[in-house]
Enquirer: 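Mind having a look at this structure? Questions to follow.
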There are 2 protein chains.
Amino acid sequence: MLYICYMKDFFAQFDFQSNLLFENLSEPDKQAVENVMESLVVKKGSMLFFECGIPTGIYQIKKGKAKKFKRGFSGEEQIFYIYTTDDVLGYHALLGQERYQDSCEALEDLTVNFIAREDFLRLLNEIPALQQKLIKNIAHEFGVLANIIAVLAQKNQNSRLALFLLLLENRLNRNSPTLKGIDLTRDDLANLIGTSQESLGRSLKQFKELGCIEIDKRNIYIKDKKQLEQLLQVKID
Amino acid sequence: MLYICYMKDFFAQFDFQSNLLFENLSEPDKQAVENVMESLVVKKGSMLFFECGIPTGIYQIKKGKAKKFKRGFSGEEQIFYIYTTDDVLGYHALLGQERYQDSCEALEDLTVNFIAREDFLRLLNEIPALQQKLIKNIAHEFGVLANIIAVLAQKNQNSRLALFLLLLENRLNRNSPTLKGIDLTRDDLANLIGTSQESLGRSLKQFKELGCIEIDKRNIYIKDKKQLEQLLQVKID
DNA sequence: TAAAATATATAACAAATGTTATATATTTGT
DNA sequence: ACAAATATATAACATTTGTTATATATTTTA
């Protein structure tokens, strides 16, 4: 017996959606959150937090992007998420009262809003809607990771690349009216889709020849979404 | 700069540890939990719950094992966990007040203890230690999924097989004094490590020839742990 | 701005994995 | 216990991916 699940928004399956965490709060609640936020600048290459560190608070990115990764037991870095504008991160360890399970590094100079541990825990107590939403989001993120596992285990390299290009374009250019392209190092992109840099290069070349992407410097521009969806064997939207 | 994290128990990195959820409660609390449990028998092949279903409660497996999986967008099943005796499952969707994100199927006839939704939510309110432990466990599970992602993305098939054999032996024979071997269909094992049944067969044959496993019917017996660890390039314990 | 360091592109070859096909073994249902 | 259905084993070949090597481009630093 096969249960077919009504397909929700395709991108939502792979998106933490933590940018919506402080949305839909009442105005006073939203104010209370903003009152405890402290704006910080984080330099490219520095860590917001790292595996086994003790959590001091949570972050909302206001400008720039950051990679979340974990090291496999042989030490190689595995990126499993790219955070960008408005995304909130760092709450798992806080809520679970344990150390960070992963690391987060700024991929460019960031502007972030920081909420200190005690302030955030107090907000959770004072705003039940926020606590509820946070727990709901963690459950959602669990499903996202399971979906990523399915992709990595089942799809070949070209499919994975097509998927992540579509996801990254959707996520990174969420708030930008102009097309900016996908701007990650080849190394980071390879670590995200689970392959080597050289092998990724081969796939990118194939995609260029097919005409579905264009490359300028390190930037990757999507030229033909439909063709990428075909590589994925999925109809989106 | 490289941060090296003190390596906790190797198996814990890949184990949800939800079998410990009701441990370390006070005697009255443990009694309260047991009072609302209802013992059920679930036939091999039937579903404890499935993706998009509405949660009715949680389960603790008392005998047998079950697979948790999700379908990728092309419909193929991806197993991401095998549950066994004492494991508790089904609480993500309940806590997040949303539908199940994944499916769970009995791999053999199961004896389970069921706790109805309202009873469980009431217990969480009445026993803060339980709620805290549950949230902590969900944060831990998040890390486990991230570790599985790293393995699937970075390790070749033989390494993945070696790892999952060690994990399964450790998890499935937790409470059994006699060696029982690993008893999964080739299909399920292939879906767990992310390969095809035929290709899995080739790896199993290699492992047999190396002498690190023996096979009887579908059962896989580990003969040489050290050799499997070498295939993994990891020193365990 | 020039030199050095880092990042990217590409090709050739090796190794791993996917796929198709066929034979045999085991389990299930009557 | 038997037939049918399902699961497993194995081989040959195709395709994909990993690896090594080298050249070029871009960015960083002095």
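Proteins get letters first, then strands, A, B, ... in listed order; numbering begins at 1 in each.
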Enquirer: Rounded to the nearest Å, what distance is computed from the CG atom of residue Asn191(B) to the P atom of nucleotide dA7(D)?
Expert: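 After rounding, the gap between these two atoms is 12 Å.
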Enquirer: Between Glu51(B) and Lys70(B) (salt bridge meaning N to carboxylate O under 4.0 Å), is one present in this structure?
Expert: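 Result for this pair is yes, salt bridge flagged.
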Enquirer: When the distance from CG of Asp216(A) to P of dT8(C) is rounded to whole Å, what number comes out?
Expert: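 Atom CG in Asp216(A) sits about 13 Å away from atom P in dT8(C).
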Enquirer: Just the rounded figure in Å: distance from C1' of dA9(C) to CD of Glu214(A).
Expert: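 Answer to the nearest Å: 17 Å.
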Enquirer: As a test of reading the structure: which of dT8(C), dT17(D), dT8(D) is closest to the side chain of Gln157(A), going by heavy atoms?
Expert: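 Output: dT17(D).
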Enquirer: For Lys44(A) and dA7(C), give me the distance from atom NZ to atom C1', rounded to whole Å.
Expert: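 Spelled out: NZ on Lys44(A) to C1' on dA7(C) is 11 Å.
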Enquirer: Thinking salt bridges, do Asp86(B) and Lys63(B) make one under a 4.0 Å N-O criterion?
Expert: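 Judged by the 4.0 Å cut-off on N to carboxylate O distance, Asp86(B) and Lys63(B) do not form a salt bridge.
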Enquirer: Is the shortest side-chain heavy-atom distance between Leu161(B) and Phe207(B) below 4.5 Å?
Expert: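 Heavy-atom side-chain distance check passes, below 4.5 Å.
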Enquirer: For Ala153(A) and Thr185(A), find the nucleotide of DNA chain C closest to each by heavy atoms; which residue's nucleotide sits nearer the 5' end?
Expert: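 Final value for this comparison: Thr185(A).
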Enquirer: Would you kindly give the NZ-to-P distance between Lys155(A) and dT16(D), to the nearest whole Å?
Expert: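 So the NZ-P distance, Lys155(A) to dT16(D), works out to 14 Å.
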Enquirer: Which is true for Ser196(B) with a 4.0 Å heavy-atom rule: it touches a base, it touches only sugar-phosphate, or it touches nothing?
Expert: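 Since a base atom lies under 4.0 Å of Ser196(B), the category is base.
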Enquirer: Quick check on DNA chain D: between Asn156(A) and Arg218(A), whose nearest nucleotide comes earlier from the 5' end?
Expert: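 Going by which nucleotide is closer to the 5' end, it is Asn156(A).
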Enquirer: When you compare the side chain of Thr111(A) with that of Ser39(A), does any pair of heavy atoms fall below 4.5 Å?
Expert: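 Ser39(A) reaches Thr111(A) side chain to side chain.
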Enquirer: Mind calculating the distance between CZ (Arg160(B)) and C1' (dG18(C)) to the nearest angstrom?
Expert: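 So the CZ-C1' distance, Arg160(B) to dG18(C), works out to 12 Å.
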Enquirer: In the structure I gave you, are the side-chain heavy atoms of Arg186(B) and Ile220(B) within less than 4.5 Å of one another anywhere?
Expert: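 Arg186(B) reaches Ile220(B) side chain to side chain.
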Enquirer: Can you sort out the partners of Phe49(A) under ring-ring contact (aromatic ring centres under 6.0 Å, His included), two or more places apart, ordered by chain and number?
Expert: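 Checked Phe49(A) against ring-ring contact (aromatic ring centres under 6.0 Å, His included); matches are Tyr100(A).
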Enquirer: What residues from residues 197-213 of chain A pass a heavy-atom cutoff of under 4.0 Å to DNA chain D?
Expert: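 The stretch gives Glu198(A), Ser199(A), Arg202(A) as the residues lying under 4.0 Å from the strand, ordered by number.
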Enquirer: In whole Å, what is the span from the CZ atom of Arg186(B) to the P atom of dT26(C)?
Expert: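 The distance from CZ of Arg186(B) to P of dT26(C) comes to 11 Å, rounded to the nearest Å.
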Enquirer: Expressed in angstrom and rounded to an integer, what is the separation of Ile193(B) atom CD1 from dT17(C) atom P?
Expert: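 It is 9 Å, rounded to the nearest whole Å.
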Enquirer: How would you list, by chain and number, every residue that makes a salt bridge (charged side-chain N to carboxylate O under 4.0 Å, His left out) with Lys208(A), sequence neighbours excluded?
Expert: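 Applying salt bridge (charged side-chain N to carboxylate O under 4.0 Å, His left out) to Lys208(A) gives none.
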